[in-house]
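I have placed the structure first, in the form of structure tokens, so that the comments after it can refer back to it.
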Amino acid sequence: MQKIIIQGIKGKMGSVLFKLLEDSEEHEVVAGVSRNYNKNKEVTIPVYHSLNEVKEHADVCIDFSNHSAVNSLLKGAVEKQMPLVICTTGFSDEELGCIKKASAIIPVFQSYNTSIGVAVTNALVAKAAKILKNFDAEIIEAHHNQKQDSPSGTALMLANTIRENSPERDILKYGRHGHDKRNKDEIGIHSIRAGSIVGEHSILFAGEGEVLEIKHTAQSRDIFARGAIAAADFIVNKASGFYGMKDLMGGA
Ligand SMILES: NC(=O)c1ccc[n+]([C@@H]2O[C@H](COP(=O)([O-])OP(=O)(O)OC[C@H]3O[C@@H](n4cnc5c(N)ncnc54)[C@H](OP(=O)(O)O)[C@@H]3O)[C@@H](O)[C@H]2O)c1
């Protein structure tokens, strides 16, 4: 039985993850982390303000919270020598640097999108970017109106994949207005925030007379939670290091 701590247990993703793990025979949630745990009536396990306050033993911590919580998350995990699955988005370069630094001491799995479908989308985008170098690349993403960070971490991940596979596209253009024409080197990124949309990512490669569209639609938050559980199973006995969806998928 793998023992798990959830940071962000009160949130939309934390609640979905908790429910899936409650139904699992191979996993047990032993504690949660939330800033407002007193108001948390529905969760029956102990809930703490920060990871290093957690008293229960656990094998791994899964984080779906907020980028501002990363320092206490890393501090707690390093102190406890606990593997971490970080699913939160919106990190600054400095915060990402701290995560990488911690991965020299403990195993850290990090992904802005833990859905297997998005991992395959990313692999397809890599291939298209490499071959369709003269096509214009644009990313359109849509999420619910409560999402805090824009563009989505997944859109940034997809943009980086395009850049890595066609370095000539080196300008990220967030939205468009005004009179300037499109620059050939740009990757356009457009964010829609509306209603309760779980998550959509559409990647366009548009050439002369043809458009290739690669699209992923998340219909339920379960897909991210399931991927996070698979990541936890994957990382739990690994050596310290930085792991991601590519490692989980065997390098594909
Ligand atoms: N990797 C993926 O596949 C994936 C998929 C979906 C979402 N996400 C990301 O996961 C994160 C959570 O998403 P969500 O939709 O669940 O958001 P949410 O509903 O707003 O929940 C965020 C949770 O984080 C907690 N939190 C916020 N600031 C904190 C802090 N400084 N310290 C400790 N806890 C803090 C909040 O609880 P308290 O107020 O009680 O502290 C809340 O429970 C976001 O970054 C989102 O973009 C990732």
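Along the sequence shown, residues are numbered consecutively beginning with 1. When reading the values below, keep in mind they use all heavy atoms of this one structure, side chains included, and skip hydrogens, waters and symmetry mates. All values derive from a computational prediction rather than experimental measurement. Just so you know, ligand 1 is whichever comes first in the structure, and atom 1 is the first atom listed for that ligand.
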Contact with ligand 1 for S111, non-hydrogen, under 4.0 angstrom | yes
Any N/O pair T89/ligand 1 closer than 3.5 Å | yes
Positive for side-chain hydrogen bond (donor to acceptor under 3.5 Å, both in side chains) with E186, one of R176, R169, K173 | R176
Is V33 near ligand 1, meaning one of its heavy atoms is under 4.0 Å from it?
-> no
Below 3.5 angstrom, do we get any N/O pair linking Q7 and ligand 1?
-> no
Is there a nitrogen or oxygen of R221 sitting under 3.5 Å from a nitrogen or oxygen of ligand 1?
-> no
Have a look at M13, Q146, R35 and point out the one with the heavy atom closest to atom 38 (P) of ligand 1.
-> R35
4.0 Å heavy-atom contact, Q148 with ligand 1 = no
Output, in order, the C-alpha distance, side-chain angles, deciding distance and verdict of side-chain hydrogen bond (donor to acceptor under 3.5 Å, both in side chains) for E200 and H216.
-> CA-CA 6 Å; E200 292 178 8; H216 180 270; over 6 Å; no
Check: of S34, S68, G11, min heavy-atom distance to atom 40 (O) of ligand 1 comes from S34
Classify the ring geometry between Y243 and F234 as parallel (under 30°), tilted (30 to 60°) or perpendicular (over 60°).
-> perpendicular
Can you find an N or O of H144 that's nearer than 3.5 Å to an N or O of ligand 1?
-> no
Within a distance under 4.0 Å of any heavy atom of A69, pick out the atoms of ligand 1 and give their elements.
-> 30 (C), 31 (N), 32 (N), 33 (C)
Considering only heavy atoms from C-beta outward, does the side chain of S24 approach that of L20 to under 4.5 Å?
-> no
Any side-chain heavy atom of N122 sitting closer than 4.5 Å to one from M157?
-> yes
Could you tell me whether some N/O pair between Y112 and ligand 1 is separated by less than 3.5 angstrom?
-> yes
Out of G90, S65, A228, who gets a non-hydrogen atom closest to atom 44 (C) of ligand 1?
-> S65
Looking only at heavy atoms, what is the nearest atom pair of F224 and T114, with distance?
-> O-OG1, 2.8 Å
Would you please say whether a donor-acceptor pair under 3.5 Å links the side chains of H201 and S152?
-> yes
Heavy-atom distances under 4.0 Å are what count here, so tell me which part of H67 touches ligand 1: side chain, backbone, both or neither.
-> neither
Less than 3.5 Å between some nitrogen or oxygen of T114 and one of ligand 1, yes or no?
-> yes
Residue pair R163 / D170: nearest heavy atoms and the distance that separates them = NH1-O, 3.7 Å
Look only at interatomic distance and state if I9 has a nitrogen or oxygen under 3.5 Å from any nitrogen or oxygen of ligand 1.
-> no
Polar-atom distance check: C87 versus ligand 1, any N or O pair below 3.5 Å?
-> yes
Locate the shortest heavy-atom distance separating A228 from V85; write the atom from each residue and the value.
-> O-CG1, 4.1 Å
Below 4.5 Å, heavy atoms only, C-beta onward: do K12 and R221 meet side chain to side chain?
-> yes
